[in-house]
> 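Okay, handing you the structure first.
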Protein chains: 2
Amino acid sequence: MGTRASIPDIVIGRLPIYLRALGRMIQEEREYTSSHELGERLGISSAQIRKDLSHFGEFGKQGTGYNVQYLYEQIRHILKVDHEWPMAVVGVGDLGRAIAHYRGFQARGFRVAALFDADPKLLGERVGNLTVLPMDQLAAETQRLGIRIAMIAVPAAEAQAVADRLIEAGVTALLNYAPISLAVPEGVHVQYIDPAAHLQHMTFYLTP
Amino acid sequence: MGTRASIPDIVIGRLPIYLRALGRMIQEEREYTSSHELGERLGISSAQIRKDLSHFGEFGKQGTGYNVQYLYEQIRHILKVDHEWPMAVVGVGDLGRAIAHYRGFQARGFRVAALFDADPKLLGERVGNLTVLPMDQLAAETQRLGIRIAMIAVPAAEAQAVADRLIEAGVTALLNYAPISLAVPEGVHVQYIDPAAHLQHMTFYLTP
DNA sequence: CTACGATTGTTATGCTATTCACATTTTCCC
DNA sequence: GGGAAAATGTGAATAGCATAACAATCGTAG
């Protein structure tokens with residue numbers, strides 16, 4: 001198809017998984033793959049992979065499969081991670097520090113470009129190669145650096161207020177590590193990371 | 001209903017979200033709530049919340065809604081988090097440390113009970129109130145402590161091998177922080193935490 | 001040069017999940 | 001005490017997603 005007439009969000013959510021697997025195949029110097037092989041690695045049916053990709057174009061060759069490098073580049077382009085996005089991290093506790101030090105973002109299209117915290121004791125401290133900035137510099141600094149994405153790593157009680165300030169500063173994509181659902185206006189995207197929620201999902205299936 | 005004849009997994013996945021919101025309502029000392037109010041907070045339709053809950057029983061009262069504390073306890077029971085699950089963390093880098101220090105698990109039914117790492121330089125080091133143990137004590141220690149859940153916080157290249165060892169030791173629920181899909185046998189549950197994947201999901205919707 | 005095996009993209013089918021809509025019940029206020 | 005307002009639980013209707021299946025195409029081996 002290729003016409004982007006409302007592609008299901010659930011399909012978009014799988015593209016990063018495909019990208020992840022393709023990245024590993026590149027490391028393994030595999031030149032070609034198939035929907036069947038990809039599906040096997042990911043625990044997804046080959047039909048679903050072909051169907052998902054068909055929303056964006058024709059990337060394979062019948063009889064041969066997909067050129068790994070080519071498909072990788074195409075998906076990077078679709079997801080707009082063929083260039084690097086600068087991000088802000090708000091909250092420089094244990095979690096914020098772990099995020100700031102994480103080396104895995106760069107290869108996947110992201111870079112932590114600014115750190116903010118409300119605690120005066122942390123201001124000016126260096127974490128990685130960044131200096132912790134006060135919250136009242138949030139708007140100015142995100143705009144100066146062209147930041148459109150932020151990660152929220154503050155306690156649940158403060159997360160909504162932080163989100164509000166980020167949105168006011170022009171941030172439109174939030175990755176929220178605080179265990180609370182955020183209310184955001186139309187046009188702002190939120191994703192959640194809540195380890196305890198994932199764990200509770202699994203305990204349902206465990207015998208006590 | 002209440003008969004647990006194959007409840008959709010996607011319903012189970014929403015229960016922790018409901019629980020999270022109910023927990024906050026308890027903090028706010030709210031005594032009653034409704035499917036409408038809950039849905040508003042979570043960005044979910046009230047019909048869906050009622051339908052989800054109806055898989056497990058009747059917890060509300062017409063005209064009144066749900067007693068917050070009661071519904072909270074009921075869902076905790078359904079998810080089996082009305083008692084504490086001991087967990088292992090494998091990989092004591094920045095991420096593993098942040099997980100080990102995280103204070104949020106206890107209130108939601110979990111406790112980090114053991115730390116493992118393959119790096120000899122880390123062995124014996126104390127993190128929080130735990131000592132880092134070598135990988136060859138993994139089976140003995142998890143069995144001694146009755147651990148059924150583990151969090152994998154090692155580089156992607158080692159995650160599959162670590163998962164294999166954990167499963168061999170009797171662990172049946174894995175929370176994988178490494179950016180790689182794991183192959184596991186029937187009966188073992190896996191959940192993934194991949195911040196970069198969430199970020200890539202959102203960049204699709206951002207204008208470049 | 002031809003026949004076969006492999007694999008795609010896509011259409012058709014079936015299944016799953018969500019929303020709608022309402023009978024029923026409860027509370028509250030006049 | 002009675003009627004209006006609020007809310008649940010659920011069967012029916014709708015929408016969305018995943019799987020199956022196949023015609024078309026490609027590469028290869030004989």
> Counting side-chain heavy atoms from CB outward, which of C/dG9, C/dT27, C/dT7 is closest to B/Lys61?
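The listed nucleotide nearest to B/Lys61's side chain is C/dT27.
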> Whole-Å distance between D/dT8 P and B/Leu71 CG?
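Atom-to-atom, B/Leu71 to D/dT8, this comes out as 10 Å.
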> Quickly work out the B/Ile44 CD1 to C/dT19 P distance and round it to whole Å.
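Computing the B/Ile44:CD1 to C/dT19:P distance gives 9 Å.
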> Should B/Tyr66 be listed as having a side-chain N or O under 4.0 Å from OP1 or OP2 of D/dG9?
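Answer is yes, contact under 4.0 Å.
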> Rounded to the nearest angstrom, tell me the gap between atom CG in A/Asn67 and atom P in D/dC26.
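It is 16 Å, rounded to the nearest whole Å.
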> Between B/Ser45 and C/dT19, is there a contact of a side-chain N or O with OP1 or OP2 at under 4.0 Å?
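B/Ser45 to C/dT19 OP1/OP2: side-chain N or O found under 4.0 Å.
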> Answer with yes or no whether B/Gln62 presents, from its side chain, a donor or acceptor under 3.5 Å of a partner atom in the base of C/dT26.
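Answer is no: no donor-acceptor pair is held.
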> Would you say D/dT10 has OP1 or OP2 under 4.0 Å from some side-chain N or O of B/Lys51?
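Looking at the OP1 and OP2 atoms of D/dT10, neither is under 4.0 Å from any side-chain N or O of B/Lys51.
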> Starting at CG of B/Asp9 and ending at P of D/dC17, how long is that distance when rounded to a whole Å?
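Distance, rounded to whole Å: 17 Å.
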> Is the number of heavy atoms from other residues, nucleotides or ligands under 6.0 Å of A/His36 NE2 greater than 12?
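No, because the 6.0 Å sphere around NE2 of A/His36 holds 12 heavy atoms or fewer from other groups.
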> Can you confirm whether A/Glu28 is buried at CD, in the sense that more than 12 heavy atoms of other residues, nucleotides or ligands lie under 6.0 Å from that atom?
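Yes - once you tally the heavy atoms of other residues, nucleotides and ligands closer than 6.0 Å, there are more than 12.
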> May I have the distance from A/Leu38 (atom CG) to C/dG9 (atom P), rounded to whole angstrom?
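So the two atoms are 12 Å apart, to the nearest Å.
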> Check the distance between D/dA7's C1' and B/Glu58's CD and give it to me in whole angstrom.
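Roughly 13 Å, once rounded to whole Å.
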> Nearest-Å distance, OH (A/Tyr32) to P (C/dT7)?
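So the OH-P distance, A/Tyr32 to C/dT7, works out to 13 Å.
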> Can you give me the closest heavy-atom contact between B/Ile99 and B/Ala153, atom names plus distance?
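The answer is CD1-CB, 4.2 Å.
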> May I ask you to say what A/Ser35 touches in the nucleic acid, namely base, sugar-phosphate or nothing, with a heavy-atom cut-off under 4.0 Å?
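Sugar-phosphate contact only.
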> Atom CZ of residue position B/Arg103 - does it have more than 12 heavy atoms of other residues, nucleotides or ligands inside 6.0 Å?
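Not buried by this count: 12 neighbours or fewer within 6.0 Å.
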> Heavy-atom count around A/Glu31 CD within 6.0 Å, excluding the residue itself: above 12?
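Counting other residues, nucleotides and ligands, CD of A/Glu31 stays at 12 neighbours or fewer.
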> Between D/dA6 atom P and B/Arg50 atom CZ, what is the distance in whole Å?
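To the nearest whole Å, that distance equals 15 Å.
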> Which listed nucleotide (C/dT27, D/dC26, C/dG9) is nearest to the side chain of A/Thr64?
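Between C/dT27, D/dC26, C/dG9, the one nearest the side chain of A/Thr64 would be D/dC26.
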> Would you say C/dT18 has OP1 or OP2 under 4.0 Å from some side-chain N or O of B/Arg14?
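For C/dT18, OP1 or OP2 has a side-chain N or O of B/Arg14 closer than 4.0 Å.
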